[in-house]
Amino acid sequence: MAYSTFHRYLISLPSVNPTKTLYAAPFHECRSSVLKSHTFPYPHARFLAQRWAFPFRIWAKAKASPGGKGINLTDAKRRKEIVLFDAAPPLAEDFPAGSVGGGGMPDGKLSTGGLDLPVLLKGLPKRVLAVLSNLPLAICEMFIVATLMALATLIDQGEAPDFYFRKYPEENSLFGFVSWRLLLGLGFDHMFTSPIFLGMLVLLAASLMACTYTTQIPMVKVARRWSFMHSANEIHKQEFSDSLVHASIQDLGVILMGAGYEVFLKGPTLYAFKGLAGRFAPIGVHLAMLLIMAGGTLSAAGSFRGSVTVPQGLNFVIGDVMSPIGFLSAPSEAFNTEVHINKFSMDYYESGEVSQFHTDISLLNNIGKELIRKTISVNDPLRYGGITIYQTDWGFSALQISKDGEGPFNLAMAPLQTNGDKKLYGTFLPVGDTNASNVKGISMLARDLQSIVLYDQQGKFAGVRRPSSRLPIVIDGITIVIEDAIGSTGLDLKTDPGVPIVYAGFGALMLTTCISFFSHSQIWALQDGTTVVIGGKTNRAKLEFPAEMNRLLDRVPELVGADNSMNTQ
């Protein structure tokens, strides 16, 4: 069988209908990939006709030849032969490389298995947007984010690896599989900067943007169009419809304008709407959620944290105690600022318990000039240059005493371990030979800065003194005066660049959520003689809308003598 690429049009059909119109395409004009099969079923031929451009088409009535081997087509301009086969050519028959039906590709191009790669790539963005804008997917993403945040409240964050080794051992893992290896491997020890959490936020943000682009924005564009209806049947198909006999569409428009509607008239037709802001609100909600997620991500990956306990009268540099939290953390000029603790003080309840503690702080530049000074306390921090300094804790640094008129001396106070959660500090004043193996002395204990309890060398109670009283006490022949109790302040420092963005996002979310409850109502009307046909719909307030429409229509005046005027015309 000879295959001429210039004079034959190959179509393989299981059977031939003499009255069926066939479509034929010249193979020598095809700019396509090589077909891997020698048979061309009719659906495939139709697919080829849709995929590739041809310079001309031939339509002819097919008439079977007596031999059943072929069909002769007679055209006024030229004569072509369409060959039909009872069976496909043998697969062993090879075509020249680069020819139609052959195993090669023209110009050295690779075969794509009958798939048009540019067409696939062109439609890929639409398919991706369709998947991302799927509502069940977005709900699933939000559920996973909420679950991860809940886990972050159960798992201690930011601790040293040894902490997780002890709390989540492999030999006694939680639920049989939760161990330190799993937690550290997934990054759940720093949940809000872990790749899983940040990846879910990115995926959720992509879903919100896709939904906004594919659904919300087109809905707003459609809602903003003026759409007039010119058929009474079309108006009657709306959620609410009614007819006013002996009425004017102009009077209806005036009443609708008084009710807050935007009214448009075109000949005998009317279109009115109100509450268009309700259509924009979902877009605002999505943008607000994106702001919250962006601010939260920036806070988690671009912040600094630091804690320090500083005795009264000492200094520290902010940059020396701050540590980056994530890969977006970048120090600022304010990190070179020096903090000086002027004074630390405490307030007490009548029962003697600590009620509040205060720290008088001065911020100094690199040449020692005071930039700002403030007394901070719990819930009243100091903010400077994007850095916030919080009062979080307190301690007992030293006890200043005089001994037999000499001094004053500073005795360092050390924290003592207790069974309860209350603090206890102690110090020791040696008496006699300090180089002896068994040194004896006077012990002093304190739970806060307002009273000191003293014990003699035998450990017997000797008395209590307040630092502010400066009353002497004699113990084992030694006169001691408590001059002052020097406290230390516990400070937490942080930078959080995402806080303004998060606040703005929550503010926008509350505003747009309230706006989204506004109903977007649309009304159409048509003047049909002396009758006005009205229809309308709303996206919310489905029960209130008919009642509102009835109240408005009751206010439309009736035209007197409308029938007579029509008859006269």
Among Thr489, Thr375, Asp347, the one residue meeting side chain to side chain donor-acceptor pair (under 3.5 Å) with His358: Asp347
For the student: nearest non-hydrogen atoms of Leu182 and Val178, plus distance: CD2-CA, 4.1 Å
Residue Tyr503 excluded, over 12 heavy atoms near OH under 6.0 Å: no
Minimum side-chain heavy-atom gap Leu493-Thr388 below 4.5 Å: no
Neighbour count >12 (heavy atoms, 6.0 Å) for atom CZ, Phe428: yes
N/O donor-acceptor pair under 3.5 Å between Ser329 side chain and Ser303 backbone: yes
Pair listing, side chain to side chain donor-acceptor pair (under 3.5 Å) test, anchored in residues 203-212, at least two apart: Glu141-Ser207, Thr212-His286
Any donor-acceptor N/O pair, Gln391 side chain to Leu491 backbone, under 3.5 Å: no
Arg465 side-chain N/O to Arg470 backbone N/O, donor-acceptor pair under 3.5 Å: no
N/O donor-acceptor pair under 3.5 Å between Glu370 side chain and Asn365 backbone: no
Test item: Lys422 and Glu353 side chains (from C-beta on) under 4.5 Å apart, heavy atoms: yes
Heavy-atom side-chain contact between Thr337 and Ile387 under 4.5 Å: no
Parallel, tilted or perpendicular: ring planes of Phe165 versus Trp180, cut at 30 and 60 degrees: perpendicular
Donor-acceptor contact below 3.5 Å, side chain Asp404 vs main chain Thr479: yes
Check against side chain to side chain contact (heavy atoms under 4.5 Å, CB included), Phe197 and Met149: CA-CA 9 Å; Phe197 185 80; Met149 295 176 66; 3.6 Å; yes
Met346 atom CE, over 12 foreign heavy atoms within 6.0 Å: yes
Lys440, NZ: over 12 other non-hydrogen atoms inside 6.0 angstrom: no
Aromatic plane relationship, Phe264 with Tyr271 - under 30° parallel, 30 to 60° tilted, over 60° perpendicular: parallel
Glu548/Lys274 ion pair, N-O < 4.0 Å: yes
